[in-house]
Protein chains: 2
Amino acid sequence: MNAWHLVYEGWDPEAQPLREALCTLGNGCFATRGAGEEARAGGPHYPGTYLAGGYDRLKSRVKGRVIENEDLVNWPNWLCLTFRRPGGSWFRLEACEILEYLQALDIKRGILHRRVRFRERDGRVSRLLSRRIVHMGRPHIAAIEWTLTPENWSGPVEVRAALDGTVANAGVRRYADLANRHLNYLGGGRLDGETVYLKVETVQSRIVMAQAARTRAFGGGRRLDVPRKTVRRGAFVSEILEAACAKGRPLRVEKVVALYTSRDHAISEPLDAAAKAAARAEDFKTLERAHARAWKRLWHRCDMSLDGNGNAQLALRLNIFHILQTISTNTTDLDAGVPARGLHGEAYRGHIFWDELYIFPFLNLRIPKITRALLMYRNRRLDEARFAARKAGLKGALFPWQSSSDGREESQVLHLNPESGRWIPDNTHFQRHVNAAIAYNVWQYYEATENWEFLSFRGAVMILEIARFWASLSTFDKTRERYVIRGVVGPDEYHTAYPWSKSPGLDNNAYTNVMTVWVLCCALRMLDILPPDRRRELLEDMDLPKEELERWDDVSRRMFVPFHGDGIVSQFEGYEKLEEFDWRTYRKKYGVIQRLDRILEAEGDSTDCYKVGKQADVLMLFYLFSAEELKGLFERMGYAFLPDLIPKNVRYYSERTSHGSTLSRVVHAWVLARSDREDSWRFFKSALTSDLADIQGGTTPEGIHLGAMAGTTDIVQRCYMGIEMRDEVLWLHPCLPREISGIRLRVRYRGHWITLKATRHTLTVSLDKGWYRSARIGVRKRVYVFKQGQSRRFRLD
Amino acid sequence: MNAWHLVYEGWDPEAQPLREALCTLGNGCFATRGAGEEARAGGPHYPGTYLAGGYDRLKSRVKGRVIENEDLVNWPNWLCLTFRRPGGSWFRLEACEILEYLQALDIKRGILHRRVRFRERDGRVSRLLSRRIVHMGRPHIAAIEWTLTPENWSGPVEVRAALDGTVANAGVRRYADLANRHLNYLGGGRLDGETVYLKVETVQSRIVMAQAARTRAFGGGRRLDVPRKTVRRGAFVSEILEAACAKGRPLRVEKVVALYTSRDHAISEPLDAAAKAAARAEDFKTLERAHARAWKRLWHRCDMSLDGNGNAQLALRLNIFHILQTISTNTTDLDAGVPARGLHGEAYRGHIFWDELYIFPFLNLRIPKITRALLMYRNRRLDEARFAARKAGLKGALFPWQSSSDGREESQVLHLNPESGRWIPDNTHFQRHVNAAIAYNVWQYYEATENWEFLSFRGAVMILEIARFWASLSTFDKTRERYVIRGVVGPDEYHTAYPWSKSPGLDNNAYTNVMTVWVLCCALRMLDILPPDRRRELLEDMDLPKEELERWDDVSRRMFVPFHGDGIVSQFEGYEKLEEFDWRTYRKKYGVIQRLDRILEAEGDSTDCYKVGKQADVLMLFYLFSAEELKGLFERMGYAFLPDLIPKNVRYYSERTSHGSTLSRVVHAWVLARSDREDSWRFFKSALTSDLADIQGGTTPEGIHLGAMAGTTDIVQRCYMGIEMRDEVLWLHPCLPREISGIRLRVRYRGHWITLKATRHTLTVSLDKGWYRSARIGVRKRVYVFKQGQSRRFRLD
């Protein structure tokens, strides 16, 4: 194992789903993003439940990769490419004795290798090698190369290369009773002498997807002209090639698939486009070379090198690899959001949550046009968010907790507790705080890029509409003489209601209230710096009178933040009345207690009753803001911000968190980085391997945790390298953990590529040649103006 | 008439198609852009001919506006809203005596007003008022308000509000024999108590379009609850309302239509989206107010005020209005190009030609993100252009002369001469020069915006691939020791072959050869300024060795340019051998001889034989480049560029041009502006009113001439205001024609809004407040650095 290859040796059916999830290849575009199928589930078990949005997305991803769904779960995925002896049954690993098995993901080049040596029941021993890619430079192309070498036999084989439109979404066990077929068959068959096609549409959203698969066989270094036939069974279209195998002589097969959907640009019609692309595609080797070059381009921008820790290095690169598989320059021209579970599994049905908050910082500082495209995903759904706010009796824009194709709220109203088998009312859609995250993301994008045009138009409207929403949600409490926000849910999903109340939602979630203040300040400050003409237009378009802006200012100065005990920011008003939780007893009883909500519900109890958190909530504030910024916000509201506020709160909440969300570890690694470096490193390592180690015991095969993966990259850049973008300056304040001796990374800041190298003692900053403007970079309270090509070394002691 | 209203009084069936074309409303988005229907025409008359691309586009536009096609030709367009007495026949203007008729296009607000007073056969006199909008702020919404007032009668009426999926493309007479039905009916009927819907798909490209129409009736200031029925006849879906009319009491009807297609973003499914949008839409008055505000935003950026000439002012604004109707901020999120005839007619089938060259300068300096989006239309079709080059045995990218949905060449191979009734081989696709225009447009966009990211990625690849194409098309002529380009057609479409040759194409078209040199220089210079990392990547991706770049340099220094006579740049090699044309005889014989090609072909002769041009060709060079730039290019090639070269060539070719293209007048107005100001103004006025006066005798109803319209705006800014973007400086060199006493306009240059006011004696330059960077502005050979908010006045004498 080196820091660029994820290698598994040995055949392990138990671990296989996990391996498959981690080794899945995508290019962010080969999947048909944002399909948005809605399937209202009927049946006695869950009346009124609805599932929405992402199903089509996931489905089509699975289809996009041209695999049978069972493949993912049961045996290695050969992309619908298999073989048999004429008259026999199709090759299945389970039916063989596995003599050798090796699976290696080449992270650098985006290639998945598999090598299997096996003995069939009749004693025939063969080797099968495969390499496959989902082309990063040619977003509509995927390809597999497959080499079968008989070791002790000769004879005819049939090779089957198929396109499968019969796939079902069956990767998440607790969704098993829900509708899981989402494709209508539209047509399939032969296109030309070496190509078959399949055309399907999604059931509700009617997105058409067409694939063309070109299969070629090679032997002895030349292309074989073999007999073929096309067989279609329903939506399963196969091309079957007859080839003669000879002992020790490799039979090589190349299958190249082109996928287009009716949402793709620059096409006349999807099947027409797929057929053309498959016919024009080069051979596997040429495709592979261009594919590796596209990955090289990405790594040149996105790699982070960590010295002194090979395991951390590999895990970090795997995480970066997964970000770029899901969203890349290939997705910027699509109306795609970034799904919480990547494109790797079916959990959360492909929906878009607030994980952007963890993912954008990595992208902002490298390929900001991806962030811009993802912010446009939100921007296009602004009207729907405005409608949602109006419907809720509020003003401005209310983006949904779970978003999908058309931007309506897709959160389930019931969810299944697999521990108890019961369907529980789901109040997570009261997590209005996703709206603060969106505004925060817009502003961070601007800080990183100085993209005035985006800010003045798309960005400004989003920030203002969200500010307006928060202001309208804030009501004035006369007894306190402060503004309050009632009936919301914070990031911690263990608390969605008071134990003493029948209605959902909590009052004055501290994170939400402080974020509200930040959003309002951001909106007011932005209005100050926008060109006067544009400001006038915005105020006129939104019909925003001076009085309303004055109220925003007032809300931002008199927002209520609950405290209890000695300087503890209460997670929400009344938090102090909850009971302390008996961690020891439950740990003893259940072992793993990350999902305490399910455990307690099964016992007839509820996490709502206890001082226990699934994930960081108050602590999120320390993750998003520097101490200086937070001090400013608290003092603006008239609250003292004593120097020990942060460590005191970190200690208090760390002791009360079960880390039922992978995001929690990211935040804790961060907030402990300066105070408890050992614990911080422990959390970082754990977050880094959230999926590699499947730390939540089985959730990785349901889909990777993209927020946590990206969060670890953000710890490296914002926490260890100490990057902070503030007031048009790129501040650097490196602080390496003991376990790492050096960090090297490149960031794109306002048009410049800047190379940053830090050790525990020095920091080197080098501006690339290119744009002639200068960049302002701050080190140790001093701002330096860097010109292109300039480099400086700073001592950190 | 004032400078913001285009008013026609009196009913004139003859002029009506022209009026309708000019008063068509769009928002650039309500039409379904880029549908790309291909309809290979069969039949005995034109085997092998094919029509492609834009048909669906046009069709859907017409459908988008919910009008019956005959409406456009035969009578004023009421958007499928009409009435009758129960049992009678539907209202038709032709069947009435028209007592008053007024049609007014409010250019400022984008509202079309109509007022008709008429007497029906039975003596009933009524007034009908209508206002309609295609919403500029809500791109999926169009609405009409319609008020019927009986003057001398009372009684019941039936009002019919329909959606028509039976429309045909029948607006261009010479296409009459071609397939003209492009929609399959998918469904239609009632959605709710006041809304009907229609769902269709295009025949070949399978783009789904769904419309929902909500109709409400009002009387006495309140909404009427009237009996309704929904009637469907094939793809014609009507909602019929029964209302009681009373003498002198206005009956007001509002019809609001929402249109979505399967290519739209942020939707689940088109009909679902249309239904939602129609149900949520406000009343007409509220919609109209927001619509007018959206236009106000556009005019704030795009208006050009001309003092001292009301007619020119109105015509100029009408032209700007049409640009913004076709392409606006509503189109930036679509994969749309800019069709030569706008969205106003069916000629050229919606195809994209080189007219961008005339249209982008206006957009670059105001709303450059539109240009960026339009350049992305090309960028997305780069692969197809690469394929076309390979197919032609060349390297790089060969964009088609006529482009549509998937970027293949859509030019007809035969075209009809209506004068002779003959189908003639069409060689216009040899106009490779469109590729030079695309590279030029990329560079101009960069000059205007300083968008490094676009240039480094999307732009650079296009410029390099196009440069590579030109270099591969250039062959070395050993006898001359120079590079030559054979077998192309220049902008002048009267010359597509030598009269003495059977094969199409001409050698060494001067415009093409000089543009090739410009493209190669641009590519080499760009490689010099790109960041070294990115340059390396580009060269590697394109496999561009040093030797090839050296050849580019060599081609750019030793390109052949033909000359004849005393310093005349030959339009192409051998031009001097053509006969002089007998202009006087033909003018006498035919009167209008703009389309000499058709006249001569009908006589069995050909324009190929004569020194006669349809439009500017050599003179294009003086339009695109300043004398200094051109001198640089010629001297690089080793040709003297004497001071009298420009006036001499202008005179020579002006005398030999029939102006069969509206673009020709734009170029001539320009090149004569400093030498022959009277002729220049004559050409300008004529170009300005190309469509207002339908100067080509009937082509305007087939579609406006967007290139000429935009060209006139470019004359105002680049010629009269003297704007030139060069070497990172905005140069200003105003030179007003005698007929105009002052010009005021605003330009957006590298992030700044700059207000420019020029009279014959002074120039005032004011930088808006906003972006804090400075801008470099050159006046009279001196460069001034402007900071935000700064203003300066210069004397011009």
Side-chain angles (χ1 to χ4, degrees), chain A residues 34 36-38 52-53 137-138 204-208 262-263 265-270 272-273 276 280 290 293 296-297 300 329 333 335 368-369 376-377 380-381 383-384 387 404-408 452-453 456-457 529-534 537 540-541 728 751 753 768-773 788, chain B residues 34 36-38 53 137-138 204-208 262-263 265-270 272-273 276 280 290 293 296-297 300 329 333 335 368-369 376-377 380-381 383-384 387 404-408 450 452-453 456-457 529-534 537 540-541 728 751 753 768-773 788:
Chain A
E37 181 79 353
E38 176 192 313
R138 306 271 298 277
Q204 179 267 327
S205 51
R206 306 265 168 194
I207 294 170
V208 176
S262 55
R263 289 237 195 259
H265 288 140
I267 63 167
S268 169
E269 188 275 334
D272 174 75
K276 217 159 62 173
R280 291 180 187 173
R293 206 161 53 216
K296 184 176 156 193
R297 305 278 170 269
H300 182 53
T329 44
D333 206 19
D335 179 32
K369 70 176 165 180
M376 281 302 297
Y377 166 85
R380 293 190 193 98
R381 285 149 185 85
D383 261 345
E384 191 67 32
F387 180 77
S404 179
S405 58
D406 63 2
R408 63 172 199 177
W452 266 80
E453 184 175 305
S456 309
F457 290 86
I529 64 168
L530 282 180
D533 274 16
R534 183 62 194 141
E537 288 181 355
E540 192 187 23
D541 284 350
E728 326 270 325
W753 276 106
D768 277 20
K769 281 188 183 150
W771 210 35
Y772 61 84
R773 305 268 197 204
Q788 56 164 325
Chain B
E37 181 77 355
E38 176 193 313
R138 306 272 296 279
Q204 180 266 329
S205 51
R206 306 267 169 193
I207 293 170
V208 176
S262 55
R263 289 237 196 257
H265 288 140
I267 63 168
S268 169
E269 187 275 335
D272 174 74
K276 216 159 62 172
R280 291 180 187 174
R293 207 161 52 218
K296 185 177 154 192
R297 306 277 170 270
H300 181 55
T329 45
D333 206 19
D335 179 33
K369 71 175 165 182
M376 281 303 296
Y377 166 85
R380 293 191 193 97
R381 286 151 183 82
D383 262 344
E384 191 66 35
F387 180 77
S404 178
S405 58
D406 63 2
R408 61 173 201 176
E450 202 185 12
W452 265 80
E453 185 175 305
S456 309
F457 290 86
I529 65 168
L530 282 180
D533 275 14
R534 184 60 195 143
E537 288 181 354
E540 192 187 22
D541 285 349
E728 327 270 325
W753 276 106
D768 276 20
K769 281 187 184 151
W771 210 36
Y772 61 84
R773 307 268 197 202
Q788 56 165 324

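Each chain gets a letter, A, B and so on, in the order its sequence line appears, and its residues count up from 1.
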Exercise. Closest approach of B:D406 and A:D272, non-hydrogen atoms and distance?
Worked result: OD2-OD2, 3.9 Å
Exercise. What residues form a side-chain contact (heavy atoms from CB on, under 4.5 Å) with A:D383, not counting sequence neighbours?
Worked result: A:R386
Problem set entry | Smallest separation among heavy atoms of B:S268 and A:S205, with atom names | O-CB, 3.1 Å
Problem set entry | Flag side-chain contact, heavy atom, 4.5 Å: B:P531 against A:K769 | no
For this session: Sequence neighbours left out, what passes side-chain contact (heavy atoms from CB on, under 4.5 Å) with A:R280? Give chain and number order.
Result: A:K276, B:E384, B:F387
For this session: Grab the two heavy atoms, one from B:H265 and one from A:D335, that are nearest each other, plus how far apart they are.
Result: CD2-CB, 3.3 Å
For this session: Over all heavy atoms of both residues, which pair between A:R381 and B:A266 is shortest? Give the atoms and the distance, please.
Result: NH2-CA, 3.3 Å
For this session: Among B:E728, B:Q788, B:E450, single out the residue with the greatest number of heavy-atom pairs under 4.5 Å to chain A.
Result: B:E450
Exercise. Looking at side-chain heavy atoms only, is the closest gap between B:R263 and A:R263 below 4.5 Å?
Worked result: no
For this session: Starting from the C-alpha separation in whole Å, work towards a yes-or-no answer on side-chain contact (heavy atoms from CB on, under 4.5 Å) for A:E540 and B:R297.
Result: CA-CA 11 Å; A:E540 192 187 23; B:R297 306 277 170 270; 2.8 Å; yes
Exercise. What distance do A:M376 atom CE and B:D333 atom CG have between them, rounded to the nearest 0.5 Å?
Worked result: 4.5 Å
Exercise. Between A:E537 and B:H300, is any pair of side-chain heavy atoms under 4.5 Å apart?
Worked result: yes
Exercise. Is a donor on one side and an acceptor on the other found under 3.5 Å between the side chain of B:R206 and the backbone of A:V208?
Worked result: no
For this session: Specify which of B:R380, B:K296, B:E269 makes the most heavy-atom pairs with chain A at under 4.5 Å.
Result: B:R380
For this session: Select one option (side chain, backbone, both, neither) describing which atoms of A:D541 are under 4.5 Å from chain B's heavy atoms.
Result: both
Problem set entry | Side chain, backbone, both or neither of B:R293 within contact of chain A (heavy atoms, under 4.5 Å) | side chain
Exercise. Is it the side chain or the backbone of A:K369 that comes within 4.5 Å of chain B heavy atoms, both, or neither?
Worked result: both
